[in-house]
2 protein chains.
Amino acid sequence: MATITDVARAAGVSPATVSRVFNGGRVTPERAERVRRAAADLGFSPNRVAQSLRKQRGSVIGLLIPDIENPFFTALARGVEDAAQQTNLSVVLCNTDEDIEKERRYLGIALAEQMAGVIVAAASRDRTDLSALAARGMPVVAVDRRPRNASVDAVLVDNQHGGEAATEHLLAGGYRRIACITGPAATSTSEERLAGYRDVLRTALHDGRVPAPPTGDPLTAWVRHADFKVEGGRAAMADLLAMDTPPDAVFVANNLMTVGALTALREAGQAPPGFGVLSFGDVPWAALVHPSLTTVQQPSYDLGFTAATLLQERIGGTHTPLRTVVLRTSLKIRASTAGPADGT
Amino acid sequence: MATITDVARAAGVSPATVSRVFNGGRVTPERAERVRRAAADLGFSPNRVAQSLRKQRGSVIGLLIPDIENPFFTALARGVEDAAQQTNLSVVLCNTDEDIEKERRYLGIALAEQMAGVIVAAASRDRTDLSALAARGMPVVAVDRRPRNASVDAVLVDNQHGGEAATEHLLAGGYRRIACITGPAATSTSEERLAGYRDVLRTALHDGRVPAPPTGDPLTAWVRHADFKVEGGRAAMADLLAMDTPPDAVFVANNLMTVGALTALREAGQAPPGFGVLSFGDVPWAALVHPSLTTVQQPSYDLGFTAATLLQERIGGTHTPLRTVVLRTSLKIRASTAGPADGT
DNA sequence: GCCAGTTCTGGAATCGATTTCACGCATGGC
DNA sequence: GCCATGCGTGAAATCGATTCCAGAACTGGC
């Protein structure tokens, strides 16, 4: 592989001049041309490792996501990648598996590899520690999930509003015993979506539009925490269906758990719209299954694209104050007009 | 960030000694202990960029896949990642989008970043060029798809056999006009699966077990090439259904196209098992839709795991001759016993 | 006690780029 | 004609690790 010194020798100039040709220094046109020709002849392309070492900054950005098998995150990753092309950075995808320990290791690698920056969908709101990166001045953007106590840019969706809209829509559809399956208590998205659900439900209980469940706190009796995975959603739904007074609808806080919930419903001989189901996030291949499933649409691609754009601005040296960009969700109504199975 | 020199100073030794402590050189236990303590105190971790530069080999392996949104490839990526943990290499995921140009760029980056090795599911059988890597002695393993003219290790599945088993199974189910939707002609997987289909069909035609279509070559009349994506599968299926004598079953050469084909069928008011559908590769979330869909199971995780293991052996310096590992597919029969809609 | 053979150790070279520094030369103003 | 200014250039330092080499210290055999 040709090095910068080889090119310099071939062109009869010093390595410094070659470097200047490729990095916008001042070089007389005639020499620059000679250098370019020599570089082309030798098939020279600069050694990125040496560049990174010298510049103390690599040309790779790290993207830490909790679940590579979730289409939501792959769409997000695609957005990041497309945005990164603009400044020809490459993207390293790191799958943390919702595991704090794996996440910690990847953050260490990001430092040791002198990555240009990191975009992170944090595995935990409280325990994800970004301070080492901050100390080194490495640009970081949080995406989808907001880590507490971290002073970083963030790109999020309006989870609370989405949760409200979802619950409202189920109410408007005539459902009265609305449950909620949300994610781990340690992630911001779970909590905010749940908060949206609770706010609407509280109002509805107060109005008397909705009856309280026979036992327990009406705002927690029909709430289940699961793990954002298919199987967790299935188990939670099965648990809800086994109650003495089971719900007649459910707001599920992510796409994969919705798949699980639908499976559990099918096993119990139920299905939408007889049993109301509303998913936060597009259910993969839903069109195939339940063309009538209403969902809260997440702008997953745009989340990634925006995060990468922000990150690149920081890498470029912007010193604007911290920004939090909130992208809007929208309700994608595909519902048939049918209401709950047992009328009102 | 602490450097090796800082540690050396703190421990009162030379940088060389520190390096030896961490790389298995001979150092007296007492000094080694002092170095380790100093390193721990300073939170030292070696700068991977400097390491890569000096060793002329990085600690990252590149994984080039054509479609990050396909669960087949994400499962494969997971296998690669798990295997890579063994030698603490990290994995860079590069999404080539079935685009030769993007692929070429990523291969260039792999060289410039001095990656330890590359695993590639080639975008094209003929036009993917791995020679530059070979020239630099960079270990490469081909996975899933076999690039022609490349002398590299490969990990594949028995596509031809899978295609045969699939077609046999449809025949055994009583279907008689069996179509095939395969992928781009430029990929080995498409061609091999199609070849399996054709072999079985040829025999069946010869036997008279299956009637020839009224017009055209019986081995091509019901064959469609698409792009391995959902929409391509939908269009191909719609095209088949619009024929004068439409097929009564279809063998679809990948999972995403099967989703598309099922959508097209639904739009035409048809569905399995009335219309036979057999997918090469697990259909994502199929359990939800058609619990009875039979598929050719791909060992996607193991493909990745095996490829990464082979690659690491090469990186470690094995000089065994080139190997091609073929993993077995298996037919996952979930079919109800119902046959074609129109009897026989 | 001496010599040969190990074992440890630190100095310095090295990987391939970028960047600082100082110098030579041209230009222009007065 | 002289000096200030500024551009273009190459030599050399630098980033942070690994590794070669030579020498120091130690061991054991006789």
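Just so it is clear, the values below take in all heavy atoms, side chains as well, and ignore hydrogens, waters and symmetry mates. Chain naming here is simple, since letters A, B, ... match the order of the sequence lines and numbering starts at 1 in each. Keep in mind that what you see is a predicted model, and the values were worked out from it rather than measured.
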*How is B/V49 classified with respect to the nucleic acid when contacts are heavy atoms under 4.0 Å: base, sugar-phosphate, or nothing?*
nothing
*Within the structure shown, what part of the strands sits under 4.0 Å from B/F22 by heavy-atom distance: base, sugar-phosphate, or nothing?*
nothing
_Phosphate OP1/OP2 of C/dT18: any A/Q51 side-chain N/O under 4.0 Å_ = yes
*Phosphate OP1/OP2 of D/dT14 contacted by A/Q56 side-chain N/O (<4.0 Å)*: no
Select one nucleotide: of [options], the one nearest the side-chain heavy atoms of [X].
X     : options                : answer
B/R26 : D/dG10, D/dA17, C/dT7  : C/dT7
B/R31 : D/dA17, D/dG10, C/dG10 : C/dG10
A/T17 : C/dC15, D/dT9, C/dG16  : D/dT9
A/V27 : D/dT9, C/dT19, D/dA17  : D/dT9
A/V13 : C/dG10, D/dA17, D/dG10 : D/dG10
B/T28 : C/dT18, C/dC8, D/dA17  : C/dC8
A/N23 : C/dT18, D/dG10, D/dT19 : C/dT18

*Less than 6.0 Å separating the ring centroids of B/F72 and B/F228?*
no
_First encountered from the 5' end of DNA chain D, between B/L53 and B/A16_ = B/L53
Under a 3.5 Å cutoff, is there a donor and acceptor pairing between the side chains of [X] and [Y]?
X      : Y      : result
B/Y106 : B/N95  : no
A/D126 : A/S124 : no
B/T306 : B/T309 : no

Provide, to the nearest angstrom, the distance between the [atom1] atom belonging to [X] and the [atom2] atom belonging to [N].
X     : N      : atom1 : atom2 : value
A/R54 : C/dT18 : CZ    : C1'   : 5 Å
B/R48 : D/dC15 : CZ    : C1'   : 18 Å
B/N47 : C/dA17 : CG    : P     : 17 Å
A/E30 : D/dC7  : CD    : C1'   : 16 Å
A/R57 : D/dG16 : CZ    : P     : 15 Å
A/R34 : D/dG8  : CZ    : C1'   : 13 Å
A/K55 : D/dA13 : NZ    : C1'   : 18 Å
B/D6  : D/dA17 : CG    : P     : 8 Å

_5′-ward residue of the pair B/Q114/B/S14 relative to DNA chain C_ = B/S14
*Nearest nucleotide by nearest heavy atom, which residue falls closer to the 5' end of DNA chain C, B/R20 or A/T3?*
B/R20
*Is A/R78 atom CZ crowded by more than 12 heavy atoms from other residues, nucleotides or ligands, each under 6.0 Å away?*
yes
*Sub-3.5 Å donor-acceptor pair from the side chain of B/R20 to the main-chain atoms of B/V27, do we have one?*
no
